[in-house]
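Keep in mind that this is a model prediction, so the values were computed, not measured. Protein chains get the first letters and strands the later ones, always in sequence-line order, with residue 1 at the start of each.
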Amino acid sequence: MKFRAHVLVSLKEGVLDTQGKAVRVSLKNMGYGSVEEVRIGKSIMISLEATSRPKAEKQVEAMCDDLLVNPLIETRSVTLEAI
Amino acid sequence: MKFRAHVLVSLKEGVLDTQGKAVRVSLKNMGYGSVEEVRIGKSIMISLEATSRPKAEKQVEAMCDDLLVNPLIETRSVTLEAI
Amino acid sequence: MDHRKAGLLDSEYEIICRELGREPNEAELRIFGVMWSEHCSYKSSKPLLGLFPKEGPAVLKGVGENAGVVDAGDGWGLAFKVESHNHPSAVEPYQGAATGVGGIIRDILAMGARPMASLDGLFFGNPDSRKTIFLSNGIVKGVGGYGNCVGVPTVGGKTFYDARYEDNPLLNAFCMGLVNAESIVSSQTAEPGNLVVLLGSKTGRDGIGGAAFASVELGEDTKASRPQVQIGDPFVEKLLIEACLEALENSLVTSMQDMGAAGITSSASEIAAKSGVGMILDLDKVPLREADMSAWEIALSESQERMLLIVLPEKLELVLSLGEKWDLDCAVIGKTVEGDRFILEKGGSVAVDLPASLIGGGCPEIRWPAITPANLANRQTFELENEILPSDLAESLLKLIGSPSLREKTWITRQYDSMVQVNTIQGPGAPLSLVRIKENGNIAAITMEALPWACQLDPFRGGYETMARSLRPLWVAGARHLGMTNCLNFPSPENPEQFWEFSEAVKGLAECCVDLGCPVVSGNVSLYNESAGLSILPTPLVCSVGLISSGESPLLPGNWKEGDILYLVGMDNAAIPASHFQVTCMGMLKGLPVPPSPEMERDFKERAILTAGKNVADSAIPILGGGLGIALCKEAISSGLGAEIQLGTPTLPAVSLFGEGGARALYAVPSVKAFEFLRIWKGFPVRQVGNVRGESLRLPRSTPLPIETLLKAWRGV
Amino acid sequence: MKAAVVIFPGSNCDRDVIHALEAVSCIPTQAVWHKETSLPQDTGLVVLPGGFSYGDYLRCGAMAARSPIVPAVREHASRGGLVLGICNGFQVLTETGLLPGALLANISLEFICSNCLLKVERTDTPFTSAFKKGQIVQFPIAHHEGLFFLPENELEELEANGQVVFRYASADGSAGQQYSPNGALNGIAGIVNKGGNVLGLMPHPERASERILGSSDGLGIWNSIKEWLEGRSK
Ligand SMILES: Nc1ncnc2c1ncn2[C@@H]1O[C@H](COP(=O)(O)OP(=O)(O)O)[C@@H](O)[C@H]1O
Ligand SMILES: [Mg+2]
């Protein structure tokens, strides 16, 4: 079976989001005064093959732990769909 | 009213995803042979103030056109929630 | 498919049909469309390029290869070339610039050289317009993003602003590499029975038709038809560099070619034609990133970070394992055969069957008519006596040093890694860049120069002065020149007045090269830099390379010592026309730049090199943009010392201070060495213009300018 | 004992460091490909060089930190062997957990290449014994992600342990956050592990090891290491 996982990686609360801040300032300068906060994260789409949904889930969680996410500064949320 | 927009920016179909490629190779080398493709994009969370949902939507779309998305190489999908 | 849609003239199409004895099929037509475009065929400029002197004692490999190579001593060669990536950078500044840098690096690699230094030439419109800010930020980030990652230091460059670049910014990328003279790779060494190997990234639909795109003006309709943006992957480029150099070190390749414009088609047909062999390629063997690509799409794709290797069958195994080691795609896509046929197969049948020599060499030259511009006389009218010159020298100087093209460029250069490879002796911000060659202890000296304003007023004089000005900093530092490369950036040649300017500028460059014995070893032409009636200024850009022998130390600027005597060497006939002063402080561009003087240049050269070698000066700076005034400013700022200036000439002070052109330099000489210095310069105009003293620059009859004030104006704060 | 310089795909200061070690400082040096799983015999120092391993994609140093050679480096460090990570190598060290913290994008969001002044905070490490305590040295930086970050309580602990070895400084000797060219917390440019045998720093000593390049202050690092290696060889 084929799955597509979507890993949303965002900076932890308390970690300075320099890029988000810069984008907010830019937007303000461009006249978007209504913007209150901007946070920028990564979106990682993974297509993979697995024999079952739980197996796919387990694999994606393992990849997050092993490489995709740095727990000191980042948090993640994973969604998975069969394709 | 306050809204939170989530803009998912990904590379257009056919545009080389240099990051995704490198991450896929790494995952393979780490033993995740089941991974077929990795695509990496940006996720932008924007909190903003607007008088109505349509107005908020319109603003976010305008920000995408003006700054957040490079239409030559990127596509976007926007979701919006009232908070 | 209509041949005109493919970009071919009726007359060109007739030649194709005649030579083939049949009509080309669609894939073949598209190949001709791209390969016979201006960008690939040089059909408009070839006759002019013939004027360049190409031979010289230092030339190891000249025009005709991917880059020229000059002798760097002790069996080492320096391969170098400059190339434009103007159109792509105008459309997508970051990626356009990045892939420009990547492309020139592969040209150097294709010679078998390890890329060791880059320079970038940037030409932008109105510095305050939103468009320029967007383009310049993107282009600078692209140059840095690619160069930094790939590990080639960006050691210098040129940034120039004029409203005429508003819609057509220019990005010219120069790269130089070091190669063992015995293992220079040539595209002429393939033999029948060799294998054709593709190494690097997979092939996608990137930039298909990019070369043809670069051969037309940017208009609304072309924007719609623009090709898929090419994305640069400097990480893969770095792997490619290491893999190719490792292959060469182990003698695994017979020939090698980078893939630039027109992708597989141009690189493969070029090797075939130059080596005198035929080639049969199976496009099904090309590793693809996207399924369902047609034959012509694969053949013309400009996907980046790919090299074409020609390999003996017995070496294949080792080449494939190199690909594996460096995580690069590596595939045999065909073989070389006897004859001249260039055959592309797909799905078991022949998709393209053309004579290799016709693809690259068959395009007829076009001799566009040239007409002296109607407004030339008007452009050149300027009588100093009739003009009221700004009289406050200090004020003019501050205005000049804060002008967009002369002010500090740290915002750009600090985004570039200028030090990786630990060879950079003089990085960005000086009149020349210096990189040491660890392998033999010599020092390579590089300049980049362009004078669009002078070329606008008198393209011949402008071209000549551009060339001479690219050499003078080498001599002042103590280097002897070895050769030059150039990028000819012009608008459409189809406009006779513009073609006249193009021709005259090339003649000027060429004449100077002949006069001063500087061979042209490589180069590039970029035409059609115009849109909606706005043409760029004539912008021939020159990069010259010279050498300082091991054991000798370069004479650099920025080293004034308290009490030094300041000498100005050179004539007093510098011109206000085309100077930064005229444009910035007088708000006009009119008149005639200084005429060439080959004798003066040669006399200057010998004395300058001797001065550096004899160690008689503390500091030296050639007089370039902004004239003596700016030279004084820069020396004062970087030395942290002031000076008292007496101009003491019959000429107007503004002319002495701000005029430009001709062989001139400013030396700071310790008084004990003044005698020796003057002996060297005997027979050449030289005069004392002041002394290094205190912490302010004091111009005659002007308010003193503290270093702090100069610095602020320079930094624009 | 000799030095081993690990080459990751995308490393681009590997040859520079080898030049500084071997040609300039006469320390026997060997290059080690990241796909190896063991270090050469007699390795006293492992260097993780600067550059853009894996293109700096995903997170700087993240993919290199999962290379086959890394377990051997970890093992070497645990036995007290020296490990030096420069720039991208420092990022790799934090990603492996051999050093605490993370390196975030520069506060300007721009790549910065420039000379920097650093204050040497400790001279009792094998990497800094040839310096004087408080000495101000000049090394260049060249990075896009050099903002050293640690959550507040861990940062306090790091400081309390005296693990900060180099801090961005001014010519008069003051050092700290306001001198960070990249926004690094507390002006941190380089740190060691608790054992003092693993050093990571953002500035490039190998670019400051010859007069002709503008500074030879980097020799302090190589000389310290050389002394340590020679001491171990006896
Ligand atoms: N302005 C020029 N001056 C001298 N040589 C040039 C010039 N323009 C192009 N050439 C030479 O013509 C050949 C083809 O150039 P080009 O098409 O730019 O090479 P490539 O195919 O490597 O991109 C090269 O040898 C190049 O050096
Ligand atoms: Mg080429």
So, the part of D/Ser108 with a heavy atom under 4.5 Å from chain C: the answer is neither

When the 4.5 angstrom heavy-atom criterion is applied to D/Arg207 and chain C, the contacting part is both

Residue from D/Tyr54, D/Trp33, D/Phe111 scoring the most non-hydrogen pairs under 4.5 Å with chain C is D/Phe111

Scored by heavy-atom pairs under 4.5 Å with chain C, the best of D/Ala208, D/Ala142, D/Cys113, D/Ser209 is D/Cys113

Answer yes or no: are there more than 12 heavy-atom neighbours, outside [X] itself, under 6.0 Å from its atom [atom1]?
X: D/Gln178; atom1: CD; value: yes
X: C/Glu695; atom1: CD; value: no
X: D/Glu227; atom1: CD; value: no
X: C/Arg436; atom1: CZ; value: yes
X: D/Lys35; atom1: NZ; value: yes

Salt bridge present between D/Glu210 and C/Lys438 (N-O < 4.0 angstrom):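 No, this pair does not count.
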
Rounded to the nearest 0.5 Å, what separation is found between the CG atom of C/Asp417 and the SG atom of D/Cys87?
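Nearest 0.5 Å value for the CG-SG distance: 8.5 Å.
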
Rounding to 0.5 Å, atoms CG (C/Asn423) and CD1 (D/Ile212) come to a distance of 9.0 Å

Exercise for review: Could you give me the CA-CA distance, side-chain angles and deciding distance for C/Val150 and D/Asn12, then say whether side-chain contact (heavy atoms from CB on, under 4.5 Å) is met?
Suggested key: CA-CA 7 Å; C/Val150 81; D/Asn12 64 29; over 6 Å; no

Contact winner vs chain D - C/Gln421, C/Lys238, C/Met419, heavy-atom pairs under 4.5 Å: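 Among the listed options, the one with the most contacts to chain D is C/Met419.
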
Let me know if [X] has heavy atoms under 4.5 Å from chain D in its side chain, its backbone, both or neither.
X: C/Val152; result: neither
X: C/Asp233; result: both
X: C/Thr424; result: backbone
X: C/Ile425; result: both

Kindly give the heavy-atom pair with the smallest separation between [X] and [Y], and that separation in Å.
X: D/Asp16; Y: C/Val422; result: OD2-N, 3.6 Å
X: C/Cys149; Y: D/Gly55; result: SG-CA, 4.0 Å
X: C/Leu239; Y: D/Pro9; result: CD2-CB, 3.6 Å

How are the rings of D/Tyr57 and C/Phe235 set relative to one another: parallel (under 30°), tilted (30 to 60°) or perpendicular (over 60°)? perpendicular

- Query: Under the side-chain contact (heavy atoms from CB on, under 4.5 Å) criterion, do D/Glu110 and C/Val140 qualify, and how do the steps go?
  - Reply: CA-CA 11 Å; D/Glu110 283 180 350; C/Val140 166; over 6 Å; no

Discussion item. Go through it in stages, so that I can follow the logic: the residues are C/Val420 and D/His204, the test is side-chain contact (heavy atoms from CB on, under 4.5 Å), and I'd like the CA-CA distance, side-chain angles, deciding distance and then a yes or no.
Written reply: CA-CA 10 Å; C/Val420 62; D/His204 288 271; over 6 Å; no

